[in-house]
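Here is the naming used below: chain letters follow the sequence lines, and residue numbers restart at 1 for every chain.
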Amino acid sequence: MAMLQSVCLASSLPNHTFLSPQLKRSFDPKNNVQIPTSETLYNFNSPFELKQVVAFLVKTNRPLSLLPLSRVASVCALTPTFPFAQQIFNCIEQSEVSVWNSCLRNLAEGNCVTNAIFLFHQMRIYNVVPDIFTCSFALKACVKLLDLSCGKIVHAYIEKLGFLSNLVLLNALLHLYATCGAMADSMLLFDKMPQRDVVSWNIMITQLAKKGDIDGAFELFSKMPERNLRSWTAMITGFVHCGKAKEAIRLFTEMEETGLRANEVTVVAVLAACADLGALQLGRRIHEYSNKSGFKRNIHVCNTLVDMYIKCGCLEAAKAVFEEMKERTIVSWSAMIQGLAMHGQADEALELFNNMIQTGMKPNEVTFLGVLHACSHMGLVNEGREFFASMTRDYNITPQIEHYGCMVDLLSRAGLLKEAYEFIVSMPINANGVIWGSFLGGCRIQKDVDMAEEAMRHLGILDPLNDGYYIIMSNIYAEAKRWEDAARVRKLMKDRGVKKTPGWSSITIAGVMHEFVAGDDNHPQAEEIFERWDKLLERMKFKGYVPNTSVVLLDMEENEKEKYLYRHSEKLALVFGLMTTKPGETIRIMKNLRVCEDCHAAFKVISEIAKREIVVRDRNRFHCFKDGLCSCKDYW
DNA sequence: GTAGGGTTAG
């Protein structure tokens, strides 16, 4: 039978005298290469060449089973010679679906996923009956392409073929609907499932968290019958992405208590949480753990470590991790450049950018954000303009609203308000609240009331609920001694129901985070902190510190204002830090808002008096106070 | 055969 088929096959084949020169050489009896080696048999790259090889095998009475079937499949899969491959599989009595499946899998996992969908359709056209593997690979391709309509076709086949009892396929369907934006369908399917395994739960938790429904995700997590490492990791990652870093860390601690050991993905999530919270101690512990567990070579882990150290104010540690990396992606470089920018090290940031270019790495839009950020934080106006022009000209990257934001910030801060204004109105995209907010910030530095009012007109429409802008505007009026206008802005804010975000500062001592708000006397050691401050203040004044009461907006007596000023949250945190740490130890403080001008001046003096390095992370950047100076060189 | 991770303007 097989022999007969071979003959039939042979009749439809080209004569092997038409062999391509390369194949002819391999098979030419004169060359003594009559018996095909596995290498020569693999050596066909098109259906045409395949036909020649088959012709040779048939005519020299060799079995077709010598052919590498996966190659046969991949050469014919997407072409009209599909049936030719089917004939070959038939001849050698090979179950053809399995060969197509492995081909389908390669396509689904490769870079050209549309081809997988095409092959799936080919299989249908030529009556290959899909099995569960076919369906699974096809679904994988649909998920990758976010192709819900094709996914629904596969779903229909799954149903028609009676595979709906297969849990793996059901899980793949859950994943399909959820990732393609049909969360409700996914949820419905999940609810209807006669049985679920840990994968089903993990898919739903991950997807709910990704869609921002962190409560829904946690509800499932809480009631799932059994959890594996991926369940915990999914939940921890979800918390981090929703900005709930504290919950992420709490859950991680709980996970450790169950005896599960974190893998690379868990580590990435926990480190990201540490970066958010500035939780240096935990970050360091995870770093050690990673090294011990052999995660050092994992690029995601290293990139997150760099980011964690940067956001915890340990620029040197970030650099050390970065230097040690054997392989770097654009993310590694961008993170490091951004880190140097945040620490006010513009020169180093730009130098690193140049080094990166020299290694042949191509910058992306995030890299340019870091570079522009560096320029704006250090007032490098010309360099910033040049980089902005270069990103389109040399790298074909279209600036996004964020890049325009950096430029507006750069120009406004440098006092070029007019240029900044013209830049905004000539942008090809509409300005948003952040753009006008940056401009407003520049107006405050330049004390330009008229321009500030113009910015506020836009902000009143674009971002009317953001308290920060009212505060700045009120500040600008107050500095111009226009008290009535300042009060009017305050009233407007109140009328619109906008509440001032309370400022807080935190410091971690012996693993415990202490949070302070302005005027805080709730801390158990409040008395001692105040006493200590009074003593410090005497020495500060002796060194030339003059309280800058203009930062206090309230219309009150000078000495009242001073008292107010002395109870700013960052000052309380610093004094507490001085009391509770060893002499010479670096003090690290975090603040949710920008550091106040008076505190900035005070911290410089204190760094000198107390001979301490003080690292402050505010909402924008780092200030590193040392020997009476700040790393921002007072440009912020 | 099904689930997961990194940098992002003020």
Side-chain angles (χ1 to χ4, degrees), chain A residues 101-102 104-105 108 131-140 143 163 166-176 178-179 197-207 209-210 228-238 240-241 263-272 275 298-308 310-311 329-339 341 364-370 372-373 376-377 399-410 412-413 432-442 463 466 468-469 472 593-594 618-621 636:
Chain A
N101 282 348
S102 65
L104 184 62
R105 176 194 201 167
D131 65 5
I132 48 172
F133 293 92
T134 323
C135 297
S136 145
F137 299 138
L139 283 176
K140 186 171 196 149
V143 168
F163 296 157
N166 184 297
L167 198 46
V168 173
L169 287 183
L170 275 172
N171 287 342
L173 284 170
L174 286 181
H175 190 217
L176 170 86
T179 46
D197 64 3
V198 66
V199 179
S200 331
W201 290 89
N202 289 353
I203 289 169
M204 298 317 287
I205 289 166
T206 307
Q207 294 301 324
K210 269 199 179 159
N228 62 13
L229 178 60
R230 281 188 170 212
S231 325
W232 290 91
T233 306
M235 202 58 231
I236 293 169
T237 306
V240 176
H241 282 162
N263 67 9
E264 287 97 325
V265 186
T266 328
V267 159
V268 165
V270 178
L271 285 174
N298 184 302
I299 222 155
H300 294 285
V301 170
C302 291
N303 288 345
T304 321
L305 273 171
V306 168
D307 187 51
M308 181 277 291
I310 284 167
K311 299 222 172 107
T329 62
I330 189 61
V331 176
S332 333
W333 290 96
S334 302
M336 198 64 227
I337 289 170
Q338 168 70 16
N364 67 9
E365 60 281 354
V366 183
T367 326
F368 273 104
L369 276 183
L372 293 175
H373 196 180
S376 78
H377 274 316
Q400 302 157 342
I401 190 86
E402 290 87 353
H403 299 95
Y404 287 102
C406 278
M407 285 307 287
V408 172
D409 185 47
L410 169 73
S412 324
R413 247 201 266 231
N432 61 12
V434 179
I435 300 268
W436 286 111
S438 306
F439 183 74
L440 183 67
D463 196 0
N466 191 318
Y469 304 136
I472 296 173
L593 306 174
R594 293 193 62 181
D618 76 9
R619 67 179 299 167
N620 287 343
R621 58 166 297 152
W636 46 289

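Note on A:His300: every side-chain N or O is 4.0 Å or more away from OP1 and OP2 of B:dG4. Remark: A:Arg594 is not in phosphate contact with B:dG10, judged by side-chain N or O atoms under 4.0 Å from OP1 or OP2. Look at A:His175 and you'll find a side-chain N or O under 4.0 angstrom from OP1 or OP2 of B:dA3. Side-chain nitrogen and oxygen atoms of A:Arg413 include at least one within less than 4.0 Å of the OP1 or OP2 phosphate oxygen of B:dG10. OP1 or OP2 of B:dT2 sits under 4.0 Å from a side-chain N or O of A:Lys140.
With distances taken from any side-chain atom of A:Gln338 to the nucleotides B:dA9, B:dA3, B:dG1, the minimum falls on B:dA9. Of the candidates B:dG10, B:dG1, B:dG4, B:dG4 carries the atom nearest the A:Thr206 side chain, counting heavy atoms from C-beta on. Here the side chain of A:Leu369 is nearest to one of B:dA3, B:dG10, B:dA9, namely B:dA9. Distances from the side chain of A:Asp307 to the nucleotides B:dT7, B:dA9, B:dG1 place B:dT7 closest. Distances from the side chain of A:Leu169 to the nucleotides B:dG5, B:dT7, B:dG1 place B:dG1 closest.
When the C1' atom of B:dA3 is taken as reference, atom CG of A:Leu139 falls 14 Å away, rounded to whole Å. Rounded to whole Å, atom P of B:dA9 lies 16 Å from atom CG of A:Asp463.
A:Asp618 comes within contact range of no nucleotide atom at all, as no heavy-atom separation falls under 4.0 Å. Base engagement by A:Ile132 is indicated by at least one non-hydrogen atom pair under 4.0 Å involving a base atom. If you check every strand for non-hydrogen atoms under 4.0 Å, A:Ile401 touches a base. Within the 4.0 angstrom heavy-atom criterion, base atoms lie near A:Thr329. Within the 4.0 angstrom heavy-atom criterion, no nucleotide atom of any strand lies near A:Ile337. Among the protein residues, A:Arg105 comes within range of the sugar-phosphate backbone only, with heavy atoms under 4.0 Å from sugar or phosphate atoms but none that close to a base. Among the heavy atoms of the strands lying under 4.0 Å from A:Ser438 are primed sugar atoms or P, OP1, OP2 only; no base atom is included.
Side-chain contact between A:Thr329 and A:Ser332 is present, with heavy atoms from C-beta onward closer than 4.5 Å. In this structure, the side chains of A:Asn364 and A:Ser334 come closer than 4.5 Å at one or more pairs of heavy atoms. For the pair A:Glu365 and A:His403, the minimum side-chain heavy-atom distance is below 4.5 Å.
The base of B:dG1 lies outside donor-acceptor range of the side chain of A:Asn101, with no N or O pair under 3.5 Å. At a cut-off of 3.5 angstrom, the base of B:dG4 holds at least one donor-acceptor pair with the side chain of A:Asn263.
A perpendicular orientation is assigned to the rings of A:Trp436 and A:Phe439, their planes being inclined by more than 60° (bins at 30° and 60°).
For the 3.5 Å distance criterion, the side chains of A:Asp307 and A:Thr304 fail to qualify, holding no donor opposite an acceptor. Residues A:Gln338 and A:His373 have side chains that bring a donor and an acceptor to within less than 3.5 angstrom of each other.
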